[in-house]
Amino acid sequence: GYDPARAVGVPTDLADPAVVDWDGDGRPAATVAIRVPVLGSIELYVAQRAHVRLEGQTDAGTGVTRGAVDFEHFEQRTLGASHRMFEANPDMWPDPARSGFELRRIAPGAGCAEARESFPAD
């Protein structure tokens, strides 16, 4: 949600000139949509800086690579929200024990539907 070349650290305000419409949805920063019972749809406008390293192994038979995510740095700020109750910055930290990844090859030219079919829901 921000241009690190124009910032010193993660911005703390939507008015910071380093904040950009990262996802191109016409709203500032990166938009995270959440649904809250009683309140309905809420949008959070966030900026995040993370440095992660993927560590894993490839299964020679399937070609699937699985592994763990090593968080070397993680920082996130909520810069604004569509409901003021969510304009907060609680302490956050990654949970390495619940953070993993899986990489699979898909056919050249495959679209979203084919990618979803490659990763059936658990």
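Hydrogens, waters and symmetry mates are skipped; everything else that's a heavy atom, side chains included, is used. None of these values were measured; they are calculated from a predicted model.
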Worksheet entry | Any residue meeting side chain to side chain contact (heavy atoms under 4.5 Å, CB included) with T31, in chain and number order, not counting sequence neighbours | D23, D25, R27, E43, Y45
On a heavy-atom basis, which atom in [X] and which in [Y] lie closest, and how many Å separate them?
X   : Y   : result
Y2  : G9  : CE1-O, 3.8 Å
F86 : L39 : CE1-CD1, 3.7 Å
P94 : P96 : O-CD, 3.3 Å
A81 : L44 : CB-CD2, 3.8 Å
V19 : P28 : CG1-CB, 4.1 Å
S41 : S82 : O-OG, 4.4 Å

Atom [atom1] in [X], atom [atom2] in [Y]: separation rounded to 0.5 Å?
X    : Y    : atom1 : atom2 : value
E117 : C112 : CD    : SG    : 11.5 Å
H73  : H51  : NE2   : NE2   : 10.0 Å
D59  : E102 : CG    : CD    : 10.5 Å
D91  : Q76  : CG    : CD    : 12.5 Å
Q48  : M92  : CD    : CE    : 7.5 Å
I34  : H83  : CD1   : NE2   : 10.5 Å

Fill in: Heavy-atom neighbours of R6 CZ exceed 12 at 6.0 Å
yes
ILVMFWY network linking [X] to [Y], side-chain heavy atoms under 4.5 angstrom:
X   : Y   : answer
V46 : I42 : yes
W93 : V52 : no
L79 : V8  : no

Item to complete: Output yes when a side-chain donor or acceptor of T62 lies under 3.5 Å from a complementary backbone atom of V64, and no otherwise.
Response: yes
Worksheet item: Hey, is the main chain of G111 close enough, under 3.5 Å, to the side chain of E114 for a donor-acceptor pair?
Response: yes
Item to complete: May I ask you to say whether E75 pairs ionically with R49, meaning some side-chain N is under 4.0 Å from a carboxylate O?
Response: no
Worksheet item: Among all residues two or more places apart in sequence or in another chain, which pass the side-chain hydrogen bond (donor to acceptor under 3.5 Å, both in side chains) test with E55?
Response: R53
Worksheet item: Do L54 and V69 pass the side chain to side chain contact (heavy atoms under 4.5 Å, CB included) test, and can you show the C-alpha distance, the side-chain angles, and the key distance before you say yes or no?
Response: CA-CA 5 Å; L54 304 180; V69 179; 3.9 Å; yes
Discussion item. In the structure I gave you, are the side-chain heavy atoms of R77 and N89 within less than 4.5 Å of one another anywhere?
Written reply: yes
Discussion item. Using side chain to side chain contact (heavy atoms under 4.5 Å, CB included), reason through L103 and F101 one step at a time and then give a plain yes or no.
Written reply: CA-CA 7 Å; L103 302 175; F101 73 95; 3.8 Å; yes
